[in-house]
Amino acid sequence: MLIIGILAAIALPQYQKTVMKSRVMQVLPFIRAVADAQQVYFLANGTYAQTVDELGVDFTCPEGWTCYVGTDSSGDQYNKVEATHNDSQISVIRYYGAPAAESLAELQNQTYCFAATNNLKGIQVCKTFGPETGSTTLGKRYLIQ
């Protein structure tokens, strides 16, 4: 029984991390498709769409995720498509278009995994995608390569 308990204690966290990573992989095609459609929309209209409906393409946010398309509300005025998983609180974000703040220019046309500072499992999952590119008091951002 002791051996089974030890194996379970080792295997369960790894299994949970793998499940979280697969959830992130599930939303990546949606994120990329919306960002690509935004670029086409921009070429045609000179501005970015603020909702997926404006893009004229049928995009459905994957089950278990909450999706947002539009301008960031932080005042930095960069455009993004963001999906946050309802259970694991991991976000996948793709920034597009030139932000008003020059310090955010390196974020343009990149996709990131973001996990809250208190979400240690989420941070471990995001680390598997690529290097850390920034952190705030809210959390850490990792480049998805």
Residues forming a ring-ring contact (aromatic ring centres under 6.0 Å, His included) with Tyr112, sequence neighbours excluded: Tyr95
Side-chain heavy atoms of Ile31 within contact of Thr111, under 4.5 Å: yes
Sub-4.5 Å side-chain heavy-atom contact between Asn119 and Ile90: yes
Listing, residues 19-26 side-chain donor-acceptor contacts under 3.5 Å, not counting sequence neighbours, or none:
from, atom 1, to, atom 2, distance (Å)
Ser22, OG, Val19, O, 2.7
Gln26, OE1, Trp65, NE1, 3.4

Tyr41 backbone acceptor or donor facing Asn45 side chain under 3.5 Å: yes
Any residue meeting side-chain hydrogen bond (donor to acceptor under 3.5 Å, both in side chains) with Thr47, in chain and number order, not counting sequence neighbours: none
Of all pairs that satisfy disulfide (SG to SG under 2.5 Å), the ones with a partner from residues 25-66, not counting sequence neighbours: Cys61-Cys67
Residue list, ring-ring contact (aromatic ring centres under 6.0 Å, His included) with Phe59, at least two apart or on another chain: none
Candidates Leu55, Leu43, Val81 - the one meeting side chain to side chain contact (heavy atoms under 4.5 Å, CB included) with Gln38: Leu55
Qualifying residue for side chain to side chain contact (heavy atoms under 4.5 Å, CB included) with Arg94, from Leu28, Asn109, Val34: Asn109
Side-chain polar contacts of residues 120-132 - donor-acceptor pairs under 3.5 angstrom, sequence neighbours left out - could you list them?
from, atom 1, to, atom 2, distance (Å)
Lys121, NZ, Gln16, OE1, 2.7
Thr128, OG1, Val125, O, 2.5

side-chain hydrogen bond (donor to acceptor under 3.5 Å, both in side chains) partners for Gln110, two or more places apart: none
Partners meeting side-chain hydrogen bond (donor to acceptor under 3.5 Å, both in side chains) with Asn86 (sequence neighbours left out): Thr66
Under the side chain to side chain contact (heavy atoms under 4.5 Å, CB included) test, residues paired with Asp53 that sit two or more places apart: Thr51
Gap between atom OH of Tyr48 and atom CD of Glu54 - 0.5 Å precision: 14.0 Å
Pairwise distance CD(Glu63) to NE2(His85) - rounded to 0.5 angstrom: 9.0 Å
Non-hydrogen side-chain atoms of Thr117 and Lys140 separated by less than 4.5 Å: no
Counterpart residues, side-chain hydrogen bond (donor to acceptor under 3.5 Å, both in side chains), relative to Tyr142 (two or more places apart): none
Gln145 atom CD: more than 12 heavy-atom contacts under 6.0 Å: yes
Closest non-hydrogen atom pair, Ala83 against Val27: CB-CG2, 3.5 Å
